[in-house]
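So that the names make sense, note that chain A is the first sequence line, chain B the second, and so on, each numbered from 1.
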Protein chains: 4
Amino acid sequence: MSGTRRDPAGRRREIVAAMADLMCHGEPKITHRRVAQHAGVPLGSTTYYFASLDDLRSAALEFLAEKVDADLAETAELLDASDGSPETVAAMFHDYLSDAERVRTELVLYSASLARPELAVVSRRWFSGLVDLLSRLTDRRTALTMAVFVDGACMHAALNDEPLDLPLLQDLTRSLMTGTADRPRLRAPEETEPRTS
Amino acid sequence: MSGTRRDPAGRRREIVAAMADLMCHGEPKITHRRVAQHAGVPLGSTTYYFASLDDLRSAALEFLAEKVDADLAETAELLDASDGSPETVAAMFHDYLSDAERVRTELVLYSASLARPELAVVSRRWFSGLVDLLSRLTDRRTALTMAVFVDGACMHAALNDEPLDLPLLQDLTRSLMTGTADRPRLRAPEETEPRTS
Amino acid sequence: MSGTRRDPAGRRREIVAAMADLMCHGEPKITHRRVAQHAGVPLGSTTYYFASLDDLRSAALEFLAEKVDADLAETAELLDASDGSPETVAAMFHDYLSDAERVRTELVLYSASLARPELAVVSRRWFSGLVDLLSRLTDRRTALTMAVFVDGACMHAALNDEPLDLPLLQDLTRSLMTGTADRPRLRAPEETEPRTS
Amino acid sequence: MSGTRRDPAGRRREIVAAMADLMCHGEPKITHRRVAQHAGVPLGSTTYYFASLDDLRSAALEFLAEKVDADLAETAELLDASDGSPETVAAMFHDYLSDAERVRTELVLYSASLARPELAVVSRRWFSGLVDLLSRLTDRRTALTMAVFVDGACMHAALNDEPLDLPLLQDLTRSLMTGTADRPRLRAPEETEPRTS
DNA sequence: TATGAATGAGTCTTCATTCAT
DNA sequence: GATGAATGAAGACTCATTCAT
């Protein structure tokens, strides 16, 4: 009955989580009232725990960054327990991209960096964390390439509400990790139009 | 009488461009006054030409979409005039990613899509336009893969204020387009700790 | 019917005057709403014309300072047209102190200087203006003394809602300006208690 | 257990003193938090000891009034122990006016009276106390005149952060108490522009 | 047509006050 | 008895929008 009240840390976290959630859903007009309502706390609480709405926003972004770190760590474990084959990696990518929430989080983090340069640090941490992770499987340069691709796949997933299909991811990882594609892909520009020449 | 005045269409466009510019720079609080100031027009103009701020915002996004289309068309021409080799394509990517403004525009368009689903159409148009473009060079599936990578590279460029380096882009395009990498990249997990040599 | 509206300067002045009036009456809690109500204008007007409540307060103090200057100038004219005798000066003091509004204004100006050192300039201008004025009648040192006394008399009048009585003012001016009192005033401390010793 | 705690009366007094101090320094926005911080006590204490902020404010003004009374009493003693000569009185005035804190206190008390008529009682008590005091040295009417002057000198000191110079005070007290100035001070208006000499 | 004065709705923020602990 | 978490009322301030000119 009273467990909920008088739990400063918990309440604070609830508010932050609510703000983060709204941000990840692209809410265009986030106000104290909206956050309070979403968190199920009275208006005053949002201002009691945070000196300004901007502070709350910062806390939420930090919160998201931690979530990203946690995801990264979790993925690292899975990776270590796996065989590290392109197929497995592709499957993990697919799983990752299937989590709409997570995918949006990344987009939010990225676009927030635009307006607030100090946030770029967080986004870059995510990115370099991913590169580090992939470096366990391949050389650093390829890991970087793969990470860039994953970012693009995130955008794509955020935009289409579904991840790229698994076979494509498999092809890509195989191609990048082994340097061997299953078939030649070059096509001359002319080829596009004419059939019979 | 001076030529600058009495050009309704021009003034309207100035306002739209100002709004678009502010949006691309991540301005957090865009108001009529801010846009008017940025465009160098009186406050009243912004409300005279647009029924609401939201209308103006929509016009700006349309404006950006057109810009994207124009970029796409321009790139298409360049591509047609080129030899279509992976190196050339990589160079074009590099050029494209070097334009910070453009790269930001894409990120803005993407994150705006999050908040306003109707915009996802615009973003998807950009993406499929890119795929169509690349399809002139390779099969549709590879083109899709490349487009995803370009999106990722855009995010990366927006975040780091500089594009990925050209060699990496070259490796990637070559790898995807020819299915041939210059060297094997797979590294077995075991390899990290050599057993018997 | 429309003369009142669309008169920016006039409306601005109304608001300033309302604020000044409230300040002079020692209103403890001056808010936008209170000023708006007192000036008979809508709430928005008070924020439209002044970037902040503090700006409005500053404008009001400037307004009061101008009023003080005007009073000073007016008094100067009266003084020039007078015979400059102590009696006349005393009478003018009495008139001055009889204006409750004016007397309060001075107190407000003084106490505002406490909280906002930049206002001390205004208060000092009033004071030195008074000294200059009195310097036309007597030496500067005596003028200073008289000005200090007038300040004290202002405080007294503000506190008691009525000026010091005329005879006292006459005695004082005569005493200071001529250096001649009508009777000796020294009384030995012992004299207070014992009658017969 | 350390002696500092468990001293309700002492803590109460600390809070009151902190409030009084803030008031005397012209703090524009006095809140519970501000007082608590200034007094070095927890926020709760300020509401625990005083039913409302207004109560606390009243207590502080009472506190200041007592301080004024104490000053008055102390001055009375000094006066009784002195020779009561104008020079001595002037020196005492000078001492009094040299205490910036005290001088501000009076101004605060006066201006507070404006907003809260019930405080005028306190201010008048100070003033009549001063008159009583000076009445031990001279007739009541002159004492009143001197008290008014001292009030003016307080304003002047508060505004300039330093008291009037001693010689001026000496001249004034001598002039008022003996009715004898060291030199004639009248200057005829004509004198400004000499006619025929 | 074009502009800026005008206004009130809505937001952030502060804070007196209450009250669980 | 003391304290700080908690909250809603209230104020400063912003600004979209309206409208007189």
Quick check on DNA chain F: between C/His32 and B/Gly44, whose nearest nucleotide comes earlier from the 5' end?
C/His32
Side-chain atoms of B/Pro8 come closest, of E/dA5, E/dA2, F/dC13, to E/dA2
Rounded to whole angstroms, how far apart are CZ on B/Arg33 and P on E/dA5?
10 Å
When rounded to the nearest 0.5 angstrom, what distance separates CD in D/Glu106 from CD in D/Glu101?
13.5 Å
Identify, between A/Asp54 and B/Thr47, the residue whose nearest nucleotide on DNA chain E lies closer to the 5' end.
B/Thr47
Within the pair C/Arg11 and E/dT7, is there a side-chain N or O less than 4.0 Å away from OP1 or OP2?
yes
Specify the residue among C/Pro42 and B/Leu43 whose closest nucleotide of DNA chain E lies further upstream toward the 5′ end.
B/Leu43
Mind calculating the distance between CZ (C/Arg57) and C1' (F/dC13) to the nearest angstrom?
14 Å
Side-chain N,O (D/Ser52) to OP1/OP2 (E/dA16) below 4.0 Å
no
Check step by step if salt bridge (Lys or Arg N to Asp or Glu O under 4.0 Å) holds for B/Asp54 and B/Arg116.
CA-CA 11 Å; B/Asp54 224 60; B/Arg116 321 167 101 215; 2.9 Å; yes
Can you see if the side chain of C/Thr31 gets near the phosphate of F/dG11 - specifically, an N or O under 4.0 Å from OP1 or OP2?
no
Check A/Asp69 with A/Arg125, please: is the shortest side-chain N to carboxylate O separation under 4.0 Å?
yes
Mind calculating the distance between CD (D/Glu27) and P (E/dC15) to the nearest angstrom?
11 Å
B/Leu22 has an atom CG; how far is it from atom P of F/dC15, in whole Å?
13 Å
According to the Watson-Crick and G-U wobble definition with distances under 3.5 Å, which dot-bracket string, read 5' to 3', encodes DNA chain F, using [ ] for crossing pairs and | for pairs with another strand?
.||||||||||||||||||||
note: B/Lys29, atom NZ; E/dT11, atom P; distance rounded to Å ~ 9 Å
Sugar-phosphate only, base, or nothing, as touched by A/Ile30 at under 4.0 Å among non-hydrogen atoms
sugar-phosphate
Within less than 4.0 Å of OP1 or OP2 of F/dT3, is there a side-chain N or O belonging to D/Tyr48?
no
Distance check needed: F/dA12 P versus C/Gln37 CD, whole Å only.
13 Å
Mapping A/Val41 and C/Phe50 onto DNA chain F by nearest heavy atom, which one lands closer to the 5' end?
A/Val41
For a 4.5 angstrom cut-off between non-hydrogen side-chain atoms, does B/Phe50 reach B/Ser58?
no
What is the separation between atom CD on A/Glu14 and atom P on F/dT7, rounded to the nearest whole Å?
11 Å
Could you tell me if the side chain of A/Thr31 sits less than 4.5 Å from the side chain of A/Lys29, heavy atoms only?
yes
Given the rule in the side-chain contact (heavy atoms from CB on, under 4.5 Å) test, do D/Tyr110 and C/Tyr110 qualify, once you have shown the distances and angles that lead to the verdict?
CA-CA 10 Å; D/Tyr110 270 66; C/Tyr110 269 67; over 6 Å; no
Rounded to whole angstrom units, what separation is found between the CD1 atom of B/Ile15 and the P atom of F/dA16?
14 Å
Do D/Val35 and D/Arg57 come within less than 4.5 Å of each other through their side chains, counting heavy atoms only?
no
Applying side chain to side chain contact (heavy atoms under 4.5 Å, CB included), name anything that partners A/Glu27, two or more places apart in sequence or on another chain.
A/Leu22, A/Ile30, A/Arg34
